[in-house]
Protein chains: 2
Amino acid sequence: MLNEDIKTVAHDCGDCPIRHRAVCARCEADELERLEEIKYYRNFQAGQTIIWSGDRMDFVGSVVSGIATLTQTMEDGRTQMVGLLLPSDFVGRPGRDGSPYDVVATTDMVMCCFRKKPFEELMADTPHIAHRLLEMTLDELDAAREWMLVLGRKTAREKIASLLSIIARRDATLNLQTQQNSLVFDLPLTREAMADYLGLTLETVSRQISALKRDGVIELEGKRHVTVPDFSRLLDEAGDDSDGGMLS
Amino acid sequence: MLNEDIKTVAHDCGDCPIRHRAVCARCEADELERLEEIKYYRNFQAGQTIIWSGDRMDFVGSVVSGIATLTQTMEDGRTQMVGLLLPSDFVGRPGRDGSPYDVVATTDMVMCCFRKKPFEELMADTPHIAHRLLEMTLDELDAAREWMLVLGRKTAREKIASLLSIIARRDATLNLQTQQNSLVFDLPLTREAMADYLGLTLETVSRQISALKRDGVIELEGKRHVTVPDFSRLLDEAGDDSDGGMLS
DNA sequence: CGAAGCGTTGAGATAAGTCAATTAGTGTGG
DNA sequence: CCACACTAATTGACTTATCTCAACGCTTCG
């Protein structure tokens, strides 16, 4: 335990691809050691539900790779996606037993999990974790509020453009493959999932994507592969001001 | 209407009406002392803008009395309310210069402000403040996400019912005046502000309120004074499951 | 009184939803 | 290898909830 205790599948925090962005980003070496003691990895398959709304959770954790969604569902089946979890995002809420949302893997995923109780104790001891978690939570709150504007006030076309620009922006920061001005990425969501994110029907999503394609705002290859020839044009369609600082 | 005219002479934290709910709720006596050194009170009039979106903020603080709204506005004027600030709620974001939202007082307000720089230093020292702020931020995030469901998936009638039940619930916890099963409160928002909260037009808000009144879900005296004869009926109209635990 | 702010109500327009048919891609098994 | 089933996505025709535009009523206030 003192030495390099290499677990079967376990990665070393030093090599972790999300080391600098996740909840552990600010940890010192000794704090990382304590985290390593309570961490374990879990794999999920695309489509698998990670946490059911209302269920007791005995862990919290970080998304290492893959994508998950947070959704809320009404009794009659209407569902609203309330968050998209990308690599480095945090799952779970210290200090509360259950999740108010379903958490579902939309792609194959790897999560770095921490047993909840020890994690909470660790949080009380080490300000770096709590501080980073506060920072991340404030960011998520801002994102949620920005999404409220999308849901409450934007047209279907603007909603689609907003979603595409968010995905494009994320992909650009993760994969760093901007060629000139044009962006290329794969949609990680089905039309139905997009509809649930945007508060639309899947038919409307499909129609608006076709319209954006027809108008040359995007190019489609197959159903999922998207090229954005002019990102500022897309932002324009989203109703956001100028380029949002991304091309700077 | 008010029996006690709250003149905000309460400059001592010990007497503070929000002492047990605000960001300072968990503070020990010595921490409170340090807070008192950097705090000051500010009054705002109904309608006054407290912070403009994008402006530099040199303070953070707590709502002591009154109500404020957080709103986002698009270039063409469409606006979406993204939060409602009630007594004990926290304003501002440590670690960031500007607010992404307009913060506007909808009633006369008193705020307990802290100079931002010293507050941030204090936060680094005293885990109780940071911990409480994390807790409050997580609550706000949950509330924002619940609101995303309202904005994305509920009908106009359900939206109105949702808003009324939130206001009713808040009023019940603040004023503790539940008479049997029926709740009475005043709407703190104009029809237009409600529309901005709900992603509707003010005409639709007006029509749906009239409809709920016609159907006996609510009773109206004047434009603002609301009686809810049967709270579970209201929750039913909101599309939420049963009583949400409030009458327990 | 007249103006201004807030709210209600009506009539018609429209964006998005619903229902339904069709296509395309993918995997399965005889 | 071809039918078959199955899912994701597209597209069309029609319906509808909500918006838009407009008129009007009620208070408040100078």
* **Separation of dT23(C) C1' from R191(A) CZ (nearest whole Å)** => 14 Å
* Asked: Atom CE of M194(A) to atom P of dA8(D): distance rounded to whole Å?
  -> 15 Å
* **Residue-phosphate contact under 4.0 Å: S210(A) side-chain N/O, dT11(D) OP1/OP2** => yes
* From the list dA9(D), dT10(D), dG7(C), which nucleotide is the closest neighbour of the side chain of T190(A)? -> dA9(D)
* Provide, to the nearest angstrom, the distance between the CZ atom belonging to R224(A) and the P atom belonging to dA24(C). => 18 Å
* Asked: Is a side-chain donor or acceptor of K154(A) paired with a backbone partner of G239(A) at a separation under 3.5 angstrom?
  -> no
* Is any NZ, NE, NH1 or NH2 atom of the basic residue among E237(B) and K159(B) found under 4.0 Å from an Asp or Glu carboxylate oxygen of the other? -> no
* To do: State plainly whether the residues E158(B) and R78(A) are in salt-bridge range, i.e. N to O under 4.0 Å.
  => yes
* Asked: Do NZ/NE/NH1/NH2 and the carboxylate oxygens of R93(B) and D139(A) come within less than 4.0 Å?
  -> yes
* Structure fact -> Here the distance between atom C1' of dT20(D) and atom CG of D76(B), to the nearest Å, is 15 Å
N/O contacts under 3.5 Å, protein versus nucleotides 14-19 of chain C?
from	atom 1	to	atom 2	distance (Å)
dA16(C)	OP1	A156(A)	N	2.8
dG17(C)	OP2	T201(A)	N	3.3
dG17(C)	OP2	T201(A)	OG1	3.2
dG17(C)	OP2	T204(A)	OG1	2.5
dT18(C)	O4	R207(A)	NH2	2.8
dC19(C)	N4	E203(A)	OE2	3.1

* Mark yes or no: R42(A) above the aromatic ring of F59(A), with NZ or CZ under 6.0 Å from the six-membered ring centre and no more than 45 degrees from the axis. => yes
Expected list for residues 185-192 of chain A: side-chain donor-acceptor pairs under 3.5 angstrom, two or more places apart:
from	atom 1	to	atom 2	distance (Å)
D186(A)	OD1	H225(A)	ND1	2.9
T190(A)	OG1	E192(A)	N	3.4
T190(A)	OG1	A193(A)	N	3.0
R191(A)	NH1	K223(A)	O	3.4
R191(A)	NH2	K223(A)	O	2.9

